[in-house]
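Below is one structure, written out as structure tokens; the observations come after it.
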Amino acid sequence: MAYESVRGMRDILPDEADYWTRLEATIRKIARRFNYREIRPPLVEHTELFSRGIGAATDVVNKEMYTFPDKKGRSLTLRPEATASVVRAYVEHGMTTQDPFQKLYYIGPMFRYEKPQKGRSRQFHQYGVEAIGSLDPSLDVEVISLAWSLMHELGLGGLSLRLNSIGCAADHERYREALRAHFAPHIGSMCEDCQRRYDDNPLRILDCKNKICQPYIADAPGSTEHLCDDCADHFERVKELLDQLGLDYVVDPHLVRGLDYYTRTVFELTSKDLGAQDALLGGGRYDDLVKMIGGPDTPGVGFAGGMERLILVLKEREEQVMEHRIDLFLVTLGDAGRTLALDLSNGLRGEGLSVDLDYRGRSFRKQMTQANKLSARYLLVLGDDEATSKKGKLKEMDSGEETEVALSAEEIMRKIEPLSD
RNA sequence: GGGAGUGUGGCGCAGGUGGUUAGCGCGCUGGGUUGUGGUCCCAGAGGUCGCGGGUUCGAGUCCCGUCGCUCCUCCCA
């Protein structure tokens, strides 16, 4: 093999790409229903944006970023997630004063240097929404509701939404202390990672899956026990609204998330159809992020979802590849037929039909085979006879029926309803 | 980062204890006389057996290393 793709980065070939375009279309449709508008930030940002925004102590920033110097020695990073970029764009383009309430969504590749495995690659794709500029709990709920709508639209089952509130920055501090107090007597017998986390960020201990740590984590205090009045009220309101809308969730007082910018509401949607990488999407509030990045004090809420994992589920469910049909195949015989075919195909494509013909000088028989393989809906044989008479037989491939047709783009269009695309 | 498995033509696989020209299915190409397909028949192309060392008279087959992939763990999307 002369060259191989870079580790953890794979080609999406046409058969699979059909699933991707469909998934993207569904995401756009749902985003539109909730009136979120697309934003496309660059894939590369100044490293500092991520190390400050996401948090220097997180795994993502610590060991998973694709960071490199550019030709002038500036440190750049391929984005490991998009929220920081969206917020940067929000501030950079003056939305803070011009139109401070923004509902945005994005779709695109992200990069994290991790060990690849099922549902996790180094270049992967996320979609996500960000609602910036309001502290209203109904906005938290809208974002969650959007997530549910998307899953519903995709027909995904076996889902569960875990929900929690980790409070504001002041609450974090109190909670961290409470956790340290709780773990202090046991920390010596807990895993190495947790011993490090104990100092760095004890919240992260709650994510530990190590068996030896489980018993101590199980009876650790929940974050909701340390919420200030405002945060507690906010959380109550979120839950009420979710109930009111009939959106299922389970409160998990130990749910904390991997990125430092989260405040108050955090949530995670998992699927039991996915194995080890079961998180479909995750998100929450980030009321301090805009300020952290240099903007005015502005709250926000959003989530990001992994697309590879959705594709995995969608493909598994459908078994065979998506049907890919063309409207018309032109079989050509001789120079006159070919000239006619080139002319007609041009006209018909202009009318919006998907038309193809042979470009490899293949025999009549092989052209028929090709038409078949392309699942052409209709077929037209063009030879000397057709070239002189300007009439042909339009064959419907599924039924085998043939109908006489005048050989002009207009007449042929009249006989074929294009596939809706 | 830790653990396990795996790597043979485009894809899916065979190739007991090492022995001559590496097979099969699908796919691909051509043909079954350039006017009608999906079936069928015939022929053919395509592999430095992931890569690099080593053992041996001889290695796809044994050993070491390396890279990739897969799964678990970890983390997350």
Side-chain angles (χ1 to χ4, degrees), chain A residues 1-10 13 15 54 58-64 79-83 107-128 147 191-194 196-197 204 207-211 213 255-259 267-271 274-283 302-312 329-338 358 360-376 378-386 392-402:
Chain A
M1 199 75 64
Y3 286 106
E4 291 176 10
S5 66
V6 173
R7 177 161 154 88
M9 309 200 177
R10 48 182 222 98
L13 301 177
D15 279 346
I54 297 171
T58 59
D59 278 1
V60 172
V61 170
N62 252 348
K63 45 192 187 190
E64 297 173 2
R79 64 183 187 188
E81 60 114 43
T83 301
I107 298 176
M110 309 292 161
F111 302 84
R112 290 185 199 174
Y113 194 92
E114 291 186 273
K115 196 185 281 188
Q117 63 180 260
K118 185 175 184 142
R120 182 167 76 193
S121 48
R122 291 183 173 179
Q123 175 176 336
F124 62 106
H125 299 75
Q126 285 188 335
Y127 63 93
C191 76
E192 281 178 36
D193 284 336
C194 285
R196 180 177 47 74
R197 290 164 176 147
R204 202 102 332 112
D207 276 335
C208 185
K209 304 289 194 306
N210 198 314
K211 277 194 199 74
C213 302
L255 174 69
V256 293
R257 298 196 35 82
L259 311 180
F267 59 92
E268 203 167 271
L269 188 70
T270 56
S271 161
L274 276 174
Q277 260 56 52
D278 66 346
L280 277 176
L281 59 90
F303 73 83
M307 296 175 70
E308 274 75 5
R309 291 168 193 189
L310 288 176
I311 295 285
L312 229 49
F329 191 87
L330 302 176
V331 174
T332 62
L333 289 164
D335 291 343
R338 183 142 189 94
D358 167 60
R360 290 177 293 181
R362 302 179 125 192
S363 68
F364 181 84
R365 175 202 282 284
K366 296 300 177 189
Q367 291 190 52
M368 290 300 294
T369 306
Q370 194 187 345
N372 234 325
K373 204 165 64 184
L374 295 170
S375 328
Y378 292 90
L379 176 123
L380 201 48
V381 177
L382 303 174
D384 292 343
D385 297 350
E386 288 78 8
K393 278 182 283 189
L394 183 68
K395 178 168 187 171
E396 190 184 358
M397 293 299 272
D398 289 343
S399 64
E401 248 170 62
E402 294 189 314

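Below, read A as the first sequence line, B as the second, and so on, with proteins coming before strands; counting in each chain starts at 1.
Note on A:Arg362: a side-chain N or O is less than 4.0 Å away from OP1 or OP2 of B:rU29. Neither OP1 nor OP2 of B:rG37 sits under 4.0 Å from any side-chain N or O of A:Arg365. Under 4.0 angstrom from either OP1 or OP2 of B:rU36 there lies no side-chain N or O belonging to A:Gln367.
For A:Gln117, the side-chain atoms get nearest to B:rC74 when compared with the rest of B:rC75, B:rC69, B:rC74. Of the candidate nucleotides B:rU29, B:rA77, B:rU36, B:rU36 has the atom nearest to the side chain of A:Phe364. Taking the side chain of A:Arg309 as heavy atoms from C-beta on, and the options B:rC76, B:rU36, B:rC75, the nearest nucleotide is B:rC76.
Pair check for B:rG44 finds B:rC28; Watson-Crick or G-U wobble, both atom distances under 3.5 Å. In this structure, B:rU33 makes no Watson-Crick or G-U wobble pair, since no nucleotide meets both defining distances under 3.5 angstrom. B:rA77: no Watson-Crick or G-U partner with both key distances under 3.5 Å is found in any strand. Base pairing of B:rG38 is not made with any nucleotide, judged by Watson-Crick or G-U wobble geometry with both donor-acceptor distances under 3.5 Å. B:rC69: Watson-Crick or G-U partner is B:rG5, with both key distances under 3.5 Å.
With hydrogens and angles ignored, the 3.5 Å screen pairs a side-chain donor or acceptor of A:Gln367 with a backbone N or O of A:Arg362. Using modelled atom types, one side-chain atom of A:Glu308 and one backbone atom of A:His125 make a donor-acceptor pair closer than 3.5 Å. Listed for the A:Glu268 side chain is no donor-acceptor partner under 3.5 Å among the backbone atoms of A:Ala279. Listed for the A:Arg204 side chain is no donor-acceptor partner under 3.5 Å among the backbone atoms of A:Cys194.
One P atom belongs to B:rU66, the other to B:rG30, and the distance between them is 46 Å to the nearest Å. The separation of B:rC49 from B:rC11, taken at their P atoms, amounts to 16 Å, rounded to a whole angstrom. Comparing the P positions of B:rU39 and B:rU48 gives an interatomic distance of 31 Å, to the nearest angstrom. Atom name P, nucleotides B:rG15 and B:rG23: the rounded distance is 15 Å, in whole Å. For the P atoms, the distance linking B:rC72 with B:rU56 amounts to 42 Å, nearest Å. For B:rG18 and B:rG60, the C1' atoms lie 10 Å apart once the distance is rounded to whole Å. Across the C1' atoms, B:rG52 and B:rC67 are found 10 Å apart, a figure rounded to whole Å.
Nearest-nucleotide mapping onto RNA chain B: of A:Arg197 and A:Ser399, the residue sitting toward the 5' end is A:Ser399. A residue-by-residue look at A:Glu396 and A:Ser5 shows that A:Glu396 has its nearest nucleotide of RNA chain B further toward the 5' end.
B:rA77 atom P lies 11 Å from atom CZ of A:Phe267, rounded to whole Å. Here B:rC74 presents its C1' atom at 14 Å from CZ of A:Arg204, a figure rounded to the nearest Å. What separates CD of A:Glu64 from C1' of B:rC74 is a distance of 10 Å, to the nearest Å. As a whole-Å value, the separation of A:Lys115 NZ from B:rG3 P is 8 Å. A:Asn372 places its CG atom 4 Å from the C1' atom of B:rG37, with the value rounded to the nearest Å. Regarding A:Leu379, its CG atom lies at a distance of 12 Å from the C1' atom of B:rG38, rounded to whole Å.
Counting atom types as modelled, A:Arg120 pairs a side-chain N or O with a base atom of B:rC74 as donor and acceptor under 3.5 Å. A donor N or O paired with an acceptor N or O is found under 3.5 Å between the base of B:rG37 and the side-chain atoms of A:Lys395. For a distance-only test at 3.5 Å, the side chain of A:Arg10 fails to qualify as a donor-acceptor partner of the base of B:rC69. Between the side chain of A:Glu268 and the base of B:rA77, no donor-acceptor pair of N or O atoms lies under 3.5 Å. You'll find a donor-acceptor pair under 3.5 Å spanning the side chain of A:Glu386 and the base of B:rG35, going by distance alone.
Here CE of A:Met307 is found 13.5 Å from CZ of A:Arg309. Values are rounded to the nearest 0.5 Å.
As judged by a 4.0 angstrom heavy-atom cut-off over every strand, A:Glu81 is placed among residues making no nucleic acid contact. Backbone-only engagement by A:Leu281 is indicated by non-hydrogen atom pairs under 4.0 Å involving sugar-phosphate atoms exclusively.
Relative to the ring axis of A:Tyr113, A:Arg122 places its NZ or CZ within 45° and under 6.0 Å from the centre.
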